[in-house]
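Worth saying up front: this structure is predicted, and the values here are computed from it rather than measured.
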2 protein chains.
Amino acid sequence: MTITQLQYVLAVAEHQNFTLAAQKSFVTQPTLSMQVQKLEDELDILIFDRSKKPITITEVGKKIVEQAKNIVNEAERIKDIVDQEKGFIGGDYTLGIIPTIMPTLLPMFLKTFINKYPKVNLIIKEQSTENLIRNIEDGHIDAAIAATPLEVEFIKERPLYYEPFVGYVPNNHRLKNLDNLKPEDLSINDILLLQDGHCFREGVINLCKASKNYDDEHFQLQSGSFETLVNLSDEGLGMTLLPYLNTLSLDDTKKVNLKYFNAPSPAREVSLIYHKSELKIQITEALRDVISGIVRGAIAFQDVKIISPISK
Amino acid sequence: MTITQLQYVLAVAEHQNFTLAAQKSFVTQPTLSMQVQKLEDELDILIFDRSKKPITITEVGKKIVEQAKNIVNEAERIKDIVDQEKGFIGGDYTLGIIPTIMPTLLPMFLKTFINKYPKVNLIIKEQSTENLIRNIEDGHIDAAIAATPLEVEFIKERPLYYEPFVGYVPNNHRLKNLDNLKPEDLSINDILLLQDGHCFREGVINLCKASKNYDDEHFQLQSGSFETLVNLSDEGLGMTLLPYLNTLSLDDTKKVNLKYFNAPSPAREVSLIYHKSELKIQITEALRDVISGIVRGAIAFQDVKIISPISK
DNA sequence: TTCTTTTGATAGTATAAAGGTATTACATAA
DNA sequence: TTATGTAATACCTTTATACTATCAAAAGAA
């Protein structure tokens, strides 16, 4: 049994296809097939049931695949230990970011990070929280920036900052004359929301639920970007809520429509999340340092109340 | 990096000697040296400092060795998974037993176990609790039978039975006329004890401490076997305490000197202990089944008070 | 010091393992 | 039926692993 064989097994288990698994492993299909067979021979069991198309994993196979994941992960950690010892911060690093954070936060830290750590090949992926969690579990991304707390067993969270919700209330809206908002003022019925799958949407719904203005009806308007929401809002279709960082780039003509919440302002907790195995932890820590250093100061709010990003 | 290379590294780390490590790994010394070098080259660090005699492990080396232990252990678990699937109970299995349990318990279960699981090659080692713990950590023994609770982080304990302490009070002793003992009756000053290193000794001392009759003076008489203690006791050198199972084989002429404790009788908890990684867990469970099945009935005491086997 | 002894590294070679190309076998779908 | 996708097999090359023999360096003994 070799680590390579286990990696091949993992590739086949993931893609359910020897040919594709071989490509992803950068070897030919016969090479991979032979190694998987050799492992099966050595253990004298079948890991894959090749009689079905697509191939399936046997019951023993499932257990072996789980254990193989452990072993391969622990083996990669050896390289981590060496890198840490050498003070080397480099190599591929895949970072996921949720769509509602990406456009505002990424420009703030990207240049600084790649200048400070030129040997890190940073790969950024924009994905929903749900997909980020799955990809962290599978090891396809090394860390992600998302709204927390998530309460996922295998994920560690390191808070980066707390970002208050800000109301965008257009001229004709019933709340127009208020100086500041209170959660109780909100009604789910006249708030424009992002599409399903955005956790900021869940946060807003949780906020309305908490203030008892939630009646579980279907929402008529949904959009994928805050820019659209603001524009729809201006058209008289209701108010909306924006994360604080998204309000900084608004036109002055629109900024007058912003209404802040009374303290403690509802806010989302934005964290760097990663697998509890802490692979590539030095790069993750470096990233956290850079982002916290930059965000500190950009967000001055002290007294906030965290709204959960997950539907309950 | 291969699992074999990691195993070689572990062997060298353990024996601090390439030649010996090679023997224990059943390869020649150059083979092992080359593989270790290859790993060092691949990682571009030194794991061992060969300039000193005996060779030492570098700082990075220590971390790598720790991680290598993980990996090798997790890899062995694959075979475990397969064995479990096949319902196969077999292979080498090393069991440690503390000296005060060995002579009474081993004869009770050994025949039954080797008949029921003929494919298991059981290797029994008699060692102190301290050594058992170290050997469980190093993976040199698969499980052990010892007095618990031990409160060791990496060890799991499965209680087998609770064995009461029984007083052996000779004719001329101050407690001779009591029908039953109470812990308060005991004085550390007239109890014969086993040598240092036996945890049953610690248990007795803890029992005396708990009853405030402990004055921390040096004890004059110590022995390595209960038989000696009983004989010394008969010579008028004080009373002694025996584990219940040890009293069963006494002569009738000696049995009259036995005095049981009032309920709840002080007792030691005897457990099967093993590494939390649960390697070879099927055999461990099989062993536990056999022993519990046999001991149940042999010890009828219900109401006992567990005395800790470790000095505090 | 000088001569052994111990112990790890190196050289050279045989064998086994891993990887490649070409081809075959066997499904499933058209 | 044929065409297509996919895994297995045959066969060859390269690489890795393990061996024997030997060397080099350090530690101990004379």
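- The side chain to side chain donor-acceptor pair (under 3.5 Å) search around B:Thr28 returns B:Thr31, not counting sequence neighbours.
- The phosphate of C:dT10 (OP1 or OP2) has a side-chain N or O of B:Gln37 nearer than 4.0 angstrom.
- Look at A:Thr31 and you'll find a side-chain N or O under 4.0 angstrom from OP1 or OP2 of C:dG20.
- Distances were taken from every side-chain heavy atom of B:Thr28 (C-beta onward) to each of C:dG8, D:dC19, D:dA8; the shortest belongs to D:dC19.
- Using a 3.5 Å distance cut-off with no hydrogens or angles, the side chains of B:Gln67 and B:Asn70 do pair a donor with an acceptor.
- Within the nucleic acid shown, B:Ser51 has no heavy atom closer than 4.0 Å to any nucleic acid atom.
- For the side chain to side chain donor-acceptor pair (under 3.5 Å) criterion with B:His140, the lone passing option out of B:Lys125, B:Arg134, B:Glu14 is B:Glu14.
- Within the 4.0 angstrom heavy-atom criterion, only backbone atoms of the sugar-phosphate kind lie near B:Gln35; the bases stay farther away.
- For DNA chain D, none of the residues of residues 68-77 of chain B falls under the heavy-atom distance limit of 4.0 Å.
- For A:Thr19 and D:dT6, the shortest distance from a side-chain N or O to OP1 or OP2 is not below 4.0 Å.
- For B:Tyr8, the side-chain atoms get nearest to D:dA18 when compared with the rest of C:dA11, C:dG8, D:dA18.
- Heavy-atom distances to DNA chain C give each of A:Phe26 and B:Arg50 a nearest nucleotide, and the one nearer the 5′ end belongs to B:Arg50.
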